[in-house]
Structures are given as C-alpha cells and as structure tokens.
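Every heavy atom of this structure was used, including side-chain atoms; hydrogens, water molecules and symmetry mates were not. Model, not experiment: these values are computed from the prediction. Below, read A as the first sequence line, B as the second, and so on, with proteins coming before strands; counting in each chain starts at 1.
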There are 2 protein chains.
Amino acid sequence: MVSTSRRTLADDIVRALKAEIRGGSYAPGSRLPTEAELCRRFGVSRATVRGAVKELDVLGLVRTQHGVGTFVTPRPAVRDGLERMGSITESIRASGKIPGHEYARRTLRPLLPDEAERMGVPPDTEVLELRRRITADGDVVAYSYDLIPRSLLPERFDPEELTGSVFAYFENRLGIHPTLGMAKVHAVESVHIAWGPDAGKHRLFILLDQLHYDRTHRMLAYSRTYFVEGAYEFHLVRTSD
Amino acid sequence: MVSTSRRTLADDIVRALKAEIRGGSYAPGSRLPTEAELCRRFGVSRATVRGAVKELDVLGLVRTQHGVGTFVTPRPAVRDGLERMGSITESIRASGKIPGHEYARRTLRPLLPDEAERMGVPPDTEVLELRRRITADGDVVAYSYDLIPRSLLPERFDPEELTGSVFAYFENRLGIHPTLGMAKVHAVESVHIAWGPDAGKHRLFILLDQLHYDRTHRMLAYSRTYFVEGAYEFHLVRTSD
DNA sequence: GGGCGGCGGGTTGTCCGACAACCTCAGGTG
DNA sequence: CACCTGAGGTTGTCGGACAACCCGCCGCCC
C-alpha cells in the first residue's frame with residue numbers, strides 16, 4: 001500500500017478487496033458488504049476495516065455513502081491508463097499480443113553534464129545506456145532510449161543478461177520496484193528516430209520523456225520512449241478532487 | 001473529496017492540511033504533528049484524524065511510519081500533471097501567463113450517430129458545438145472542439161454568454177463539477193487544424209480525445225483538444241501501488 | 001573506552017463499545 | 001393520494017485502552 005512499513009492488517013484487506021473488485025466478484029455499482037460483515041469475515045475490528053475501505057474510497061474503487069453503504073464504483077471500460085505506472089511489455093500482453101524486445105545498444109559510459117542535470121545526479125555518474133525497439137506481434141510499437149545508473153546494477157553485471165523488459169529486470173533481478181514516473185509528453189515528427197528494418201517508415205511519435213523513481217524517491221532511470229503513433233493505444237484517466 | 005456526501009469532519013481536516021502542505025507550511029520531509037496533537041488542534045477524536053491522515057497518505061501527500069510519525073513526502077518539483085483534471089485556463093494562469101479564448105462557433109445541433117456512440121448517449125441528443133482557440137499571452141496554445149449535451153444547459157441558454165473557460169462555466173454557472181476525464185492521446189500532424197491568423201502555421205499537435213464526467217459518472221462533454229506542440233508543457237505523474 | 005543490550009518514552013496500528021448522523025422504507029394519517 | 005412518523009440499518013465520530021514499533025538513553029560487560 002502507500003505507507004512504507006511492512007504489511008498491516010488493513011493492507012491485507014485492501015489487497016483482498018481490490019482483487020475481488022477487479023476480478024469482478026461484485027457487479028459494478030453493487031454494494032460492498034457492510035463494515036460489520038467485513039469485520040466478521042476478516043476477523044478484525046471496525047477501525048481496521050474502516051481504514052481499508054477508506055483507502056479503496058480514495059483510490060476511487062468504491063464510494064461510501066453515510067447511512068447507506070459503500071458501493072463499487074461503476075468503472076468505465078478502460079481501467080488503467082497512461083497515468084498508471086507499468087511495464088509496456090505488460091500492457092502489450094494484456095491486449096492479447098506478444099511483446100518483443102530488440103536491443104541495439106547496451107553500453108556503460110559516464111554521464112554527460114546536461115544529462116546529469118536532467119537526472120539530478122552528480123555529473124560523473126556512470127550509466128548503462130540502452131537502445132531498443134519494443135514490438136507487439138512483431139510490429140514495432142516504440143523506440144526506447146534509457147539511461148540507468150551503474151550503481152543500481154549488480155557488482156558483476158553482464159549487459160547480455162538484459163534481454164527483455166527493463167521493468168521486469170528491475171522487479172525480478174534487482175528487487176527494485178519503480179512506483180513513480182515523472183514524464184513530459186511531446187508530439188514528435190522525425191525520420192531519424194526509427195531504425196532497423198522500419199527505418200524511415202515511422203515518422204510520427206508520442207514521446208514520453210520520463211524520470212523513474214521508487215517509493216523512496218531514489219532515481220532509477222531516465223528514459224525517452226518514442227511510441228509510434230497509431231500503434232499503441234494511449235489512454236489517460238484524469239481526476240480531480 | 002472522494003466520498004459523495006456533504007462534508008465530513010475528516011474532509012475539513014484533509015482540506016486544511018492539504019492547504020498547509022501545498023502552501024509550504026511544512027518543509028518537505030518534515031514531520032506532520034502527531035495524531036494526538038491534531039486531535040487537540042481540530043477538536044476531534046483520533047478516529048477522525050486517522051481517517052484524514054489516511055486519505056493524505058493514499059493521495060501521496062504524506063507517508064506514515066509505524067512507531068515513528070507521519071512525514072510530508074518530498075515532492076518532486078512538478079506537482080500536478082496531465083493526470084490531474086483541471087482547467088487549461090487555470091494552468092496557463094498558473095504559469096504566469098494570461099489566458100484567452102476566441103470562439104469561432106457556438107451552435108446547437110443534433111448529434112450524429114457516430115458521435116452519439118462515442119459519447120454513450122441516445123442518437124438524437126441535442127448538443128452545443130463549440131470551436132475555439134485557447135491562447136496564452138496572445139499566442140495560440142490549443143485548438144479545441146467540444147460537444148456539450150443541451151440537457152445540461154439552462155432552459156433559456158444564450159450561446160453568447162459562453163465567453164471564457166468552459167470549465168469555469170460548468171463550475172460557476174451550472175454548479176457542475178467535472179471530476180473525471182477519460183482521454184485518448186495521439187500525435188497529430190496536419191495543416192487543417194489550425195485556423196484564424198495562424199492557419200497553417202501550426203501543424204504538429206498533441207490531441208486529447210476526451211470524455212468528461214462528474215463524480216456520479218454523468219457524461220458532461222466530449223472534447224477534442226489539439227495542443228500546439230511546444231506551446232504547452234505536458235507533464236504527467238505516473239504511479240503504481 | 002568501546003560495544004552491546006535493555007529499558008522507557010513516544011508514535012502509529014488495532015481493538016472494543018457506544019452513540020450520533022444519515023438514509024431507506026413501511027405504515028399510519030390527513 | 002400526499003405527507004408525516006417511526007423503526008431499522010449503515011456509516012461517521014467519540015473515548016479509552018492496549019499492541020507493535022522505533023528511537024535514544026543509560027548502564028553493563030568485555
């Protein structure tokens with residue numbers, strides 16, 4: 001959950017209810033069990049249940065009504081969008097296609113001064129530079145350019161072992177969980193971005209110029225991802241108070 | 001806040017603390033007063049305070065640590081981005097520039113079948129069609145195209161009274177609060193979008209193809225906003241659990 | 001002197017029981 | 001039929017208590 005510590009009882013309940021809601025156990029708009037019932041079911045006090053429900057409320061999964069009950073919010077068709085941090089690979093797989101990665105460059109080099117400033121790290125930091133293409137069912141979806149601080153990588157790091165999703169590598173190999181991304185969005189038209197067999201074929205892109213952090217605000221990576229216009233569905237859920 | 005009802009005590013506390021945090025009353029990373037202190041200060045029970053702090057936690061404004069305290073999260077420079085629903089006008093003003101609106105069309109007409117399907121309303125719905133340019137210090141920032149159901153507008157509606165921000169019109173004149181937007185993002189290259197004095201000058205845009213809702217999921221508007229690439233800083237804060 | 005461990009105070013997490021505020025709906029009343 | 005009233009159920013708030021946890025102090029031991 002949001003807090004830093006281990007796992008609290010409320011967290012467990014949040015996870016359980018999240019899974020049920022997303023899994024469709026409750027029809028959209030239907031009532032959640034009352035707090036008293038949830039107490040019995042999870043064997044915790046009402047204070048704990050209230051904490052969990054409060055979180056689901058703030059997250060927008062449910063809505064509470066004083067004196068009535070709490071209801072699962074009828075979500076529009078698209079659940080998560082661009083505002084949700086997540087692996088591109090994963091979202092491709094979710095759309096029923098098979099993701100692929102083709103690496104063109106995996107080299108260690110010192111950071112240039114302007115890059116260091118953009119990333120907010122010392123100028124002499126050593127980074128791993130990646131260039132790759134991300135594909136879905138063989139079609140190029142995005143051209144990506146990433147810089148990852150050497151200090152995050154294992155002592156004995158072999159660039160060859162980085163073959164698939166960078167996101168998955170962080171999660172599974174390094175035990176690092178990217179949870180925050182700060183991106184700038186641009187429309188880009190250029191024939192110099194695409195390379196490989198499709199060089200020059202794509203020329204219109206959505207650029208995500210992005211800094212990645214974990215929950216402690218440690219800088220994890222700087223990436224520029226050029227999504228081929230039309231090849232990737234970009235959704236965005238926007239909210240206000 | 002998130003819940004539907006009036007205003008709860010916890011809501012008031014959330015607002016007060018939000019204002020203080022955003023206003024910089026607490027240094028980033030510093031401690032929030034303890035729950036006990038907040039109880040005394042607001043004259044409420046700990047249950048209420050905990051509800052408020054929980055919300056701030058989930059919203060990412062603070063972070064609680066069991067046995068230590070709760071701390072305001074050190075926010076990166078950019079606070080809100082594209083994922084935050086809000087008036088374009090407002091964000092222009094926030095950047096220190098003066099927003100302007102130039103309307104080219106304000107007409108009532110019935111909806112076309114494909115538009116109706118996209119908006120999820122009956123095919124014969126009458127809508128107000130708007131075409132306008134949004135400027136900052138006189139420079140065009142975006143070309144916008146909006147459709148608003150006639151049923152939301154006052155009985156006696158004069159198109160001429162809609163002169164500035166549509167967002168502000170909703171809030172102030174109609175008492176309607178847009179809180180949710182579902183957008184598709186595209187990169188667009190075309191010479192046929194810009195009109196007026198700058199016709200043909202702009203040809204690269206970021207398109208936000210968006211449906212607006214209020215908190216009860218009532219459809220408020222369908223809009224296509226073409227942001228002139230480079231004229232508007234697009235930030236996006238992405239998060240995961 | 002330096003390192004280790006325990007202890008105490010402070011803070012958040014959870015529990016319990018109770019009441020207030022609020023909504024719904026059935027039934028009565030005019 | 002319209003309106004009021006009340007009972008019952010649900011969330012919001014209250015008060016007090018204890019558990020789990022973190023930190024720093026202090027004394028003990030080597």
May I have the step-by-step check of salt bridge (charged side-chain N to carboxylate O under 4.0 Å, His left out) for A:Arg224 and A:Asp146, ending in yes or no? CA-CA 6 Å; A:Arg224 286 210 302 271; A:Asp146 310 86; over 6 Å; no
Can a donor-acceptor pair be found between the side chains of B:Thr70 and B:Thr64 at a distance below 3.5 Å? no
Atom CD of B:Gln65 and atom C1' of C:dG10: how far apart are they, to the nearest Å? 14 Å
From C:dT12, D:dT11, D:dC14, pick the nucleotide closest to the side chain of B:Thr34? C:dT12
Heavy-atom closest pair, residues A:Arg132 and A:Gly164: NH1-O, 4.4 Å
Gap between atoms CD and C1', on A:Glu35 and D:dG9 respectively (whole Å): 12 Å
Have a look at A:Val53 and say if it touches a base, only the backbone sugar-phosphate, or nothing, with a 4.0 Å heavy-atom cut-off. nothing
Expressed in angstrom and rounded to an integer, what is the separation of A:Asp12 atom CG from C:dT14 atom C1'? 13 Å
note: B:Glu37, atom CD; C:dT11, atom P; distance rounded to Å ~ 7 Å
Spacing between A:Lys54 atom NZ and C:dG13 atom P, to the nearest angstrom: 15 Å
Looking at C:dG17, does its base get a donor-acceptor pair with the side chain of A:Arg46 below 3.5 Å? no
Rounded to the nearest Å, what distance is computed from the CG atom of residue A:Leu9 to the P atom of nucleotide C:dG13? 11 Å
Side-chain N or O of B:Thr48 versus OP1/OP2 of D:dC14: is the shortest distance under 4.0 Å? yes
The answer to which of A:Ala36 and B:Val68 contacts DNA chain D further toward the 5' end, by nearest nucleotide, is A:Ala36
Among D:dT11, D:dA19, C:dC15, the nucleotide that comes nearest once only the side chain of A:His66 is considered: D:dT11
Verify the contact: side-chain N or O of B:Ser45 to OP1 or OP2 of D:dT13, cut-off strictly under 4.0 Å; return yes or no. no
Pair A:Glu115, A:Arg109 - check salt bridge (charged side-chain N to carboxylate O under 4.0 Å, His left out), show working. CA-CA 12 Å; A:Glu115 293 171 333; A:Arg109 67 167 174 85; 3.0 Å; yes
Rounded distance (Å) that lies between atom C1' of C:dC15 and atom CG of A:Leu38: 17 Å
Has A:Arg50 got a side-chain N or O lying under 4.0 Å from the OP1 or OP2 atom of D:dG12? yes
Before you tell me yes or no, could you show the steps for A:Glu35 and A:Arg41 under salt bridge (charged side-chain N to carboxylate O under 4.0 Å, His left out), namely the whole-Å CA-CA distance, both residues' side-chain angles and the distance that decides it to 0.1 Å? CA-CA 10 Å; A:Glu35 296 178 354; A:Arg41 178 175 150 195; over 6 Å; no
Are A:Thr64 and D:dT10 close enough that a side-chain N or O sits under 4.0 Å from OP1 or OP2? no
Interatomic distance where CZ belongs to A:Arg31 and P belongs to C:dC23 [whole Å]: 14 Å
